[in-house]
Chemist: 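Here's a structure for you.
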Amino acid sequence: MPPAEQRALLLLLALAVAGQGVRYLLSRPGEPLGQVQLLATLPTGSPLAQRDSAMRQARPLEPNERIDVDRASAQELARLPRVGLRLAKVIQADRESHGPFGSLESLDRVPGVGPGLLKLIGPHVTFSAPAATGKPTSAPSMPSLPLPGAPAQRLNLNTASLTELDALPGLGPARAAAIVQYRQQHGAFTSVDDLARVPGLGPAAVARLRPYLANR
């Protein structure tokens, strides 16, 4: 047999052996080599499954659909108008650290959420938990928070410590730190309304804090 034909024959034999090996790897254990499974069930973590999940999460809200802010995942929260996944993760992290919100007003405690966004998402959200205080369960407690109508008992906005501010309802450590930093950079507050100048605090937050604060 000529050398060329020998080489061709050896090549065909090698391809046949390789093909049998591939068929063996694709077949189930214990089944004949001819019964090759061509299509398996799509695993949960596959790219196609992830794509389908992302499409479901990115779908627009239905006219009467509401997102439960006290239970929804970050992906579900991201479906709300002008929220996006980054802010949705911040909302979820705040909920896990400080407890459920319970109301639209309490959602204002989250950095990055302000009156404009609250007004926009208000028709699309619901809250399954009771109204929350908005402060971490591990935060130091104030024995007697001042009541509306008792100015003499209010916390001095210009001398209050970070711990005292953090204990106020609906404020939290991030905004308490922002108040202290603003006070150090710009001097004493001339009125409680000046809090609206602090990054992360809007009119709704200032109105909620006003009964507990004084500027002297």
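Model, not experiment: these values are computed from the prediction.
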Chemist: Checking R95 side chain against A72 main chain: does a donor-acceptor pair fall under 3.5 Å?
Modeler: yes

Chemist: Tell me whether V90 shares a hydrophobic cluster with L85, the cluster being built from Ile, Leu, Val, Met, Phe, Trp, Tyr side chains joined at under 4.5 Å.
Modeler: no

Chemist: Search all heavy atoms of L104 against all heavy atoms of G122 and return the closest pair with its distance.
Modeler: CD2-CA, 4.0 Å

Chemist: Find the distance between CD1 (I179) and CG (D194) and round it off to the nearest 0.5 Å.
Modeler: 11.5 Å

Chemist: List the residues meeting ring pair (Phe, Tyr, Trp, His ring centres under 6.0 Å) with F127, not counting sequence neighbours, and say none if there are none.
Modeler: none

Chemist: To the nearest 0.5 angstrom, please state how far the CD atom of E76 sits from the CG atom of L61.
Modeler: 8.5 Å

Chemist: Does some side-chain heavy atom of H98 sit less than 4.5 Å from a side-chain heavy atom of P173?
Modeler: yes

Chemist: Which heavy-atom pair separates A176 from L165 by the least distance, and what is that distance?
Modeler: CB-CB, 3.8 Å

Chemist: Any donor-acceptor pair under 3.5 Å linking the side chain of R66 with the backbone of P123?
Modeler: yes

Chemist: Please walk me through it: do V192 and L195 pass side chain to side chain contact (heavy atoms under 4.5 Å, CB included)?
Modeler: CA-CA 6 Å; V192 177; L195 278 176; 4.1 Å; yes

Chemist: Out of curiosity, L201 CG to R208 CZ, how far, rounded to the nearest 0.5 Å?
Modeler: 9.0 Å

Chemist: How long is the gap from CZ on R109 to CG on L168, to the nearest 0.5 Å?
Modeler: 14.0 Å

Chemist: For residues 111-121, run the donor-acceptor check on the side chains, cut-off 3.5 Å, and write out each pair with its distance to 0.1 Å, sequence neighbours left out.
Modeler:
none

Chemist: How about L213 and F189: do any of their side-chain heavy atoms sit closer than 4.5 Å?
Modeler: no

Chemist: Main chain of Y182, side chain of R197: is a donor-acceptor contact present, judged purely on distance under 3.5 Å?
Modeler: no

Chemist: By side chain to side chain donor-acceptor pair (under 3.5 Å), which residues pair with E65, not counting sequence neighbours?
Modeler: R79

Chemist: Specify the closest pair of heavy atoms between P100 and A129, including all atoms of both residues, with the distance to one decimal.
Modeler: CB-CB, 3.5 Å

Chemist: Nearest 0.5 Å please: distance from the CD1 atom of I91 over to the CZ atom of F101.
Modeler: 6.5 Å

Chemist: Working to the nearest 0.5 Å, report the span between CG of L87 and CD of Q92.
Modeler: 12.0 Å

Chemist: Taking all non-hydrogen atoms of both residues, which atom of A74 and which atom of K89 are closest, and how far apart?
Modeler: CB-CG, 3.9 Å

Chemist: Counting N and O atoms only, with roles assigned by atom type, does the side chain of D68 sit under 3.5 Å from a partner on the main chain of S128, one being a donor and the other an acceptor?
Modeler: yes

Chemist: Ignoring hydrogens, what is the shortest heavy-atom contact between P211 and R154? Give both atom names and the distance.
Modeler: O-NE, 3.3 Å

Chemist: Looking only at heavy atoms, which two atoms of H124 and P81 are closest? And how far apart?
Modeler: CD2-CG, 3.8 Å

Chemist: Are the side chains of L77 and L80 in contact, using a 4.5 Å heavy-atom criterion?
Modeler: yes

